[in-house]
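What follows is a set of notes on a single structure, which appears directly below.
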Number of protein chains: 2
Amino acid sequence: MHSLTDQQQAIRDFIEREVTAGRPCPSQREIAGHFGFASKTAAACHVRALVKKGVLAVDAGKARSLQLVSLARANRRAAVEIPLFGSIPAGFGRDREEEADECIPVTIDSIGFKPTRNTFALRVSGDSMMGKHILDGDIVVLEHGPEPRPGQVVAALIDRKSTLKTFVVKNGKPFLKAENPKYPDLIPSDELMIQGVVRAVLRRLEK
Amino acid sequence: MHSLTDQQQAIRDFIEREVTAGRPCPSQREIAGHFGFASKTAAACHVRALVKKGVLAVDAGKARSLQLVSLARANRRAAVEIPLFGSIPAGFGRDREEEADECIPVTIDSIGFKPTRNTFALRVSGDSMMGKHILDGDIVVLEHGPEPRPGQVVAALIDRKSTLKTFVVKNGKPFLKAENPKYPDLIPSDELMIQGVVRAVLRRLEK
DNA sequence: GGTAATACTGTCCATTTGGACAGTATGCAC
DNA sequence: GTGCATACTGTCCAAATGGACAGTATTACC
């Protein structure tokens, strides 16, 4: 693979900036204008070189049809928005997303699985799960629906507030083990509504 | 906000499919062609309605300049690929990305800051940082360059292997505090190459 | 010295494209 | 009935656009 010249790299970067910013793909004349070329042929020539080197694709004859090859790959790993709740609401209707405080975009690769409609995120407050190395301020990504397996961390609804608990089985019976001293240590799991199973943890550290 | 008609929704979806697939934004005539309209004015009319309803933006006069408003928001949160190393190499040259084991796409929101060229990820092995609630298998996102502040977790190069340590200041002198019993507790920080400061933690839990 | 790639200027042209306008038909609210 | 949004067909046009071609200069490589 040939490497790009500085000028070619600059033009590639310009196209990437425009496209990733959500603006329409620049035309040859717009590229020339941005770089101060008097002739648009200069831009066309560079575009041709970028196509030849495989970093750019063009639909011949189509206006604004430049497609960055590396970006096309990134698109396949597109971010999916999942709703982030401060606390989980009781119902799980279709209006779920609108009830969310906000949405966080995650990529499939970063959480290790493809989010579904039953995927949501929860902002952790308090040190209730420090024993499981989940800290105050962390964001946990959960999946609603699947039966938890022993040892997994789940979100349960207590007093209209969701709390993280560890799912355990004792004497063949399922319990929720509270890691928070404010709640009893073991709660029969069928007395509580389990909202979801924790599938990923996201921690942002201070700058 | 007016809701979209079925036809308008279909046209919006078509534009979204094309754009997210990495293909150039469809022209009015291409939209008409896809839906079997004999006249491209039909497409233009729908586009105008979508703009009026606020779901679509157009740069007047520019070819293929349709921009989905919801997508523009997602684009600002676009995924950025950051290199993920099993172990950090000694140098930080331009070939950094090629030396990486793989890349993980992350979104700005999910790690809380915009990744730069000095951002990289590291797969944690061992329980050396369990005291800091960073576990075996976690992925830490680091930034190379900035001076660490006391209490922050840094990656340091020891025996050509990078290890996570806590940056502390004792008696006015900077030290790296090892949370791993295999290494001495305090190491003068200037004896080691600090590769980066941990800025985010990513944990994928088993299914 | 010759060849090729890069890096432009400048011009001409066919095609693509968006915009405007005229017209038809349907359904819905008032 | 009137007005309005929707949902089209069909036509004309000016501007935007990509493509091809002619030409110049520089640099690197053989």
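Only heavy atoms go into these numbers, but all of them, side chains included; no hydrogens, no water, no symmetry mates. By convention in this document, chain letters (A, B, ...) are assigned in the order of the sequence lines, proteins followed by strands, and residues within each chain are numbered from 1.
- The shortest distance between the side-chain N/O atoms of Thr5(A) and the OP1/OP2 oxygens of dA7(C) is below 4.0 Å.
- Under the 30°/60° scheme for interplanar angles, the aromatic rings of Phe35(A) and Phe14(A) are found to stand perpendicular.
- With values rounded to the nearest 0.5 angstrom, Lys132(A) atom NZ is found 8.5 Å from Leu205(B) atom CG.
- Put simply, the residue from Arg12(A), Arg64(A), Arg23(A) that forms a salt bridge (charged side-chain N to carboxylate O under 4.0 Å, His left out) with Glu18(A) is Arg23(A).
- One interatomic measurement links the two molecules: CD1 of Ile15(A) to P of dG18(D), which rounds to 11 Å at whole-angstrom precision.
- Of the two residues near DNA chain D, Gly61(B) and Cys45(B), the one whose nearest nucleotide lies more 5' is Cys45(B).
- As judged by a 4.0 angstrom heavy-atom cut-off over every strand, Ala42(B) is placed among the base-contacting residues.
- Closest approach of Ile31(A) to Pro26(A), counting heavy atoms only: CG1-CB, 4.0 Å.
- Of the side-chain N and O atoms in Ser39(A), none sit less than 4.0 angstrom from OP1 or OP2 of dT11(C).
- Lys62(B) has a carboxylate O that lies under 4.0 Å from a charged side-chain N of Glu30(A), or vice versa, which qualifies the two as a salt bridge.
- When the nucleotides dT9(C), dT17(D), dA7(C) are ranked by their closest atom to the side chain of Ala63(A), dT17(D) comes out on top.
- Of all heavy-atom pairs spanning Val124(B) and Asp136(B), the tightest one is O-OD1, 3.5 Å.
- Remark: Leu56(A) CG to Gln8(A) CD distance equals 10.5 Å, nearest 0.5 Å.
- In terms of phosphate contacts, Lys53(A) brings a side-chain nitrogen or oxygen within less than 4.0 Å of OP1 or OP2 of dT6(C).
- Note on Gln8(B): a side-chain N or O is less than 4.0 Å away from OP1 or OP2 of dT6(D).
- Remark: Ile11(A) CD1 to Thr5(A) OG1 distance equals 7.5 Å, nearest 0.5 Å.
- When the local axes at the two ends of the helix from dG1(C)-dC30(D) to dC30(C)-dG1(D) are compared, using 5 base pairs at each end, they differ in direction by 30° after rounding to 10°.
- Rounded to an integer number of Å, the gap from CG of Leu50(B) to C1' of dG18(C) is 16 Å.
- Backbone-only engagement by Ala38(B) is indicated by non-hydrogen atom pairs under 4.0 Å involving sugar-phosphate atoms exclusively.
- A heavy atom closer than 4.0 Å to some atom of DNA chain D occurs in Ser27(A), Gln28(A), Arg29(A), these being the qualifying members of residues 24-33 of chain A.
- For His46(A) and dT6(C), the shortest distance from a side-chain N or O to OP1 or OP2 is not below 4.0 Å.
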Close N/O contacts between protein and nucleotides 21-27 of chain D (under 3.5 Å):
none

Pair Leu176(A)-Phe167(A), side chain to side chain contact (heavy atoms under 4.5 Å, CB included): steps then yes or no: CA-CA 5 Å; Leu176(A) 296 186; Phe167(A) 183 81; 3.7 Å; yes
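- Taking atom NZ of residue Lys40(B) and atom C1' of nucleotide dC8(D), one finds them 14 Å apart after rounding to whole Å.
- In this entry the distance linking CG of Asp6(B) with P of dC8(D) reads 12 Å, nearest Å.
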Decide yes or no on side chain to side chain contact (heavy atoms under 4.5 Å, CB included) for His46(A) and Gln7(A), but give the supporting numbers first. CA-CA 8 Å; His46(A) 283 128; Gln7(A) 192 68 292; 3.6 Å; yes
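- Here dT17(D) presents its C1' atom at 14 Å from CG of Asp59(A), a figure rounded to the nearest Å.
- Summarising the geometry, atom CG belonging to Leu135(B) is positioned 4.0 Å from atom CZ belonging to Arg203(B); distances are rounded to the nearest 0.5 Å.
- Backbone-only contact: Lys62(B) has heavy atoms under 4.0 Å from sugar-phosphate atoms and none from a base.
- The CZ-C1' distance, from Phe35(B) to dC8(D), rounds to 14 Å in whole Å.
- Taking both residues in full, the closest heavy atoms of Gln67(B) and Ser65(B) are given as NE2-O, 2.8 Å, listed atom of the first, atom of the second, then distance.
- Residue contacts for Ala60(B): at a heavy-atom cut-off of 4.0 Å it reaches the sugar-phosphate backbone alone, with no base atom in range.
- For the residue pair Ala32(A) and Ala43(A), the shortest heavy atom distance occurs at N-CB, 3.8 Å.
- Here the P atom of nucleotide dG18(D) and the CG atom of Leu66(A) are 7 Å apart, to the nearest Å.
- To the nearest angstrom, C1' of dA16(D) lies 12 Å from CZ of Arg64(B).
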